[in-house]
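Working notes, structure below.
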Number of protein chains: 2
Amino acid sequence: MTTRTDAPTRREQILKEAARLFAERGFHGVGVDEIGAAVGISGPGLYRHFPGKDAMLAELLVGISERLLAGGQLRVSEDAACADGSPQALLDALIEGHIDFALDDRPLITLHDRELDRLRDADRKRVRQLQRQYVEVWVEVVREMYPELPEHEARAAVHAVFGLLNSTPHLGRPGAQPDRAGTAALLHRLARGAFEAAARA
Amino acid sequence: MTTRTDAPTRREQILKEAARLFAERGFHGVGVDEIGAAVGISGPGLYRHFPGKDAMLAELLVGISERLLAGGQLRVSEDAACADGSPQALLDALIEGHIDFALDDRPLITLHDRELDRLRDADRKRVRQLQRQYVEVWVEVVREMYPELPEHEARAAVHAVFGLLNSTPHLGRPGAQPDRAGTAALLHRLARGAFEAAARA
DNA sequence: CGCAGTAGTTAGTGACCGTTAACGTCCGAC
DNA sequence: GTCGGACGTTAACGGTCACTAACTACTGCG
């Protein structure tokens, strides 16, 4: 949990605004001029920082996937280090981490499963691999928690719970979400309840 | 549950293929020539059936929203007619109906929350209103089933469960889903479990 | 037959958009 | 001081794309 205090670089500004715009109107629906305008420079000025529009999307998607996977793996290893690591506590940690991500980086969550097919083959392969690994982390933890659950059902349940947790962009359209902690708690309960019910064959 | 036996009209073919292509590559990512090719005619021939590309998307999205809402309202009225209408049975009926839709019309489900912003203002307003009404149908049933659940939490839970049920497009990428009945049953359990857990404050 | 309407075709047009080219400006280092 | 690189700018180019125009083929009907 490292927090930054220094000002964001221009490159980071661009990525952030591009993520927002891509999430709002789709990759093909946003022009480079708009992205430039969002950070106060104009159109082709972006090419000092990125080789092209595709590269921005690629960096965003690869970055998201890497962060998600790294977070998941970190929590698993932390749990393994702790002596009192119960499967439920680990699953809760995974859920909480994903919720934090979904609540803090809504545009990225939106992009994550929406614009994957707009990537070059190599990048798409890499993102898909990272996503698969992240799912596998969850599946292993879920199966440790509910050993009676068949693997393919565990995997389907994990995908479904991702859909549940990633629904946050559809929630508080106009104003900011009323209560971040409350929303997080509710989502956590929903996810736990879904997994429990999956195991009740 | 009326099933059609007559051949689909050209117009319906176009809508079906357009839905598939829009879902795969996004509205802006598909050209009219491709849509035409998918139904065996070429590009501008589409304009005999639709005034423009936007109109196809509009008809798709309005149609989806209307069908979802009509299905939900139908189930509520059926339950009210039956003497033995329990809240749980009604909620199960809603869940099952939504699952059927998600499993049978994957491309439409994908479009439904992805390309809404590509619509003209009037159409977008209409779709949003239909969606809102559909959510309200669910919220009322959920609150009847779990009276202790505050309204805003019920609404958030409904949105989240939609995300869960609509995750089916992310499941069986390569082959067809192994077992439709099994997938439906699993999704149903997950959704029920999520609502139950929501109510356990 | 003649005719009208339906459903296509190909060719072209104007707009948009990603990208490149050529040029300017500021600023720190030697 | 001036030199060089980082960072922008505007102008232009080439391709793509939605849409239109003009024309053709089929089909049922009097």
Side-chain angles (χ1 to χ4, degrees), chain A residues 6-62 107 111 114-124, chain B residues 6-62 107 111 114-124:
Chain A
D6 49 339
T9 73
R10 168 74 16 124
R11 209 158 182 287
E12 288 167 330
Q13 285 180 49
I14 294 172
L15 283 175
K16 186 180 160 202
E17 295 302 313
R20 184 179 56 80
L21 289 167
F22 289 162
E24 277 174 12
R25 301 214 287 284
F27 179 67
H28 292 297
V30 180
V32 290
D33 289 354
E34 281 176 285
I35 303 172
V39 297
I41 70 181
S42 219
L46 296 171
Y47 287 76
R48 296 282 165 200
H49 305 275
F50 294 93
K53 194 182 160 194
D54 304 332
M56 300 180 208
L57 182 64
E59 188 156 331
L60 284 171
L61 291 183
V62 172
L111 286 185
R114 190 170 296 195
E115 305 286 353
L116 180 58
D117 299 316
R118 260 55 96 199
L119 254 49
R120 284 174 32 233
D121 274 24
D123 294 321
R124 188 171 58 246
Chain B
D6 50 338
T9 72
R10 171 67 25 116
R11 210 159 181 286
E12 288 166 331
Q13 284 179 50
I14 294 171
L15 283 175
K16 186 179 160 203
E17 294 303 311
R20 184 178 56 80
L21 290 167
F22 289 161
E24 277 174 13
R25 302 215 286 285
F27 179 68
H28 291 298
V30 180
V32 289
D33 290 353
E34 281 176 284
I35 303 173
V39 297
I41 70 180
S42 219
L46 296 171
Y47 288 78
R48 294 282 162 197
H49 305 274
F50 294 93
K53 194 182 157 194
D54 304 333
M56 299 180 209
L57 183 65
E59 188 156 330
L60 283 171
L61 291 182
V62 172
L111 286 185
R114 189 170 294 196
E115 305 287 352
L116 180 58
D117 300 316
R118 260 54 95 199
L119 254 48
R120 284 174 32 232
D121 274 25
D123 295 321
R124 187 171 57 246

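The sequence lines fix the lettering, A, B, ..., with proteins before strands; numbering per chain opens at 1.
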Value in whole Å for how far the C1' atom of dG24(C) lies from CZ of Arg48(A):
11 Å
For Arg11(B) and dT6(C), give me the distance from atom CZ to atom P, rounded to whole Å.
14 Å
Measure from the side chain of Pro44(B), starting at C-beta and using heavy atoms only, and say which of dT10(D), dA11(C), dG8(D) lies closest.
dA11(C)
Val32(A) has its side chain closest, among dG18(C), dA7(C), dA18(D), to dG18(C)
Tell me: CD of Gln13(A) to P of dC7(D), nearest whole Å?
12 Å
If only side-chain N and O atoms of His49(A) are considered, is one of them under 4.0 Å from the OP1 or OP2 phosphate oxygen of dG8(D)?
yes
Spacing of Asp54(A) atom CG relative to dG18(C) atom P, expressed in whole Å:
10 Å
Looking at Glu17(A) and Val39(A), what are the two nearest heavy atoms and their distance?
CG-CG1, 3.6 Å
Can you check whether Arg11(A) reaches Phe50(A) side chain to side chain, under 4.5 Å on heavy atoms?
yes
Using a 4.5 Å cut-off on heavy atoms from C-beta on, say whether the side chain of Phe22(B) contacts that of Arg114(B).
no
Val30(B) near the nucleic acid: base, sugar-phosphate alone, or nothing, with a heavy-atom cut-off under 4.0 Å?
sugar-phosphate
Rounded to the nearest angstrom, tell me the gap between atom NZ in Lys53(B) and atom P in dT16(D).
15 Å
Measure from the side-chain N and O atoms of Glu115(A) to the backbone N and O of Phe27(A), and report whether any donor-acceptor pair falls under 3.5 Å.
yes
Pick base, sugar-phosphate or nothing for Gly31(A), based on heavy-atom distances below 4.0 Å to the nucleic acid.
sugar-phosphate
Grab the CG-C1' distance between Asp33(B) and dT20(D) for me, whole Å please.
14 Å
Value in whole Å for how far the C1' atom of dC17(C) lies from CG of Leu21(A):
15 Å
Just the rounded figure in Å: distance from C1' of dA11(D) to OH of Tyr47(A).
15 Å
Would you mind telling me which of dG8(D), dT10(D), dT10(C) lies closest to the side-chain atoms of Ser42(A)?
dT10(D)
Using a cut-off of strictly less than 4.0 Å, decide whether Arg10(B) has a side-chain nitrogen or oxygen near OP1 or OP2 of dG8(C).
yes
Does the side chain to side chain contact (heavy atoms under 4.5 Å, CB included) test come out yes or no for Ile35(B) and Val30(B), once each step is laid out?
CA-CA 7 Å; Ile35(B) 303 173; Val30(B) 180; 3.7 Å; yes
Which comes earlier along DNA chain C counting from the 5' end, the contact point of Gly52(A) or that of Gly45(B), where each point is its nearest nucleotide?
Gly45(B)
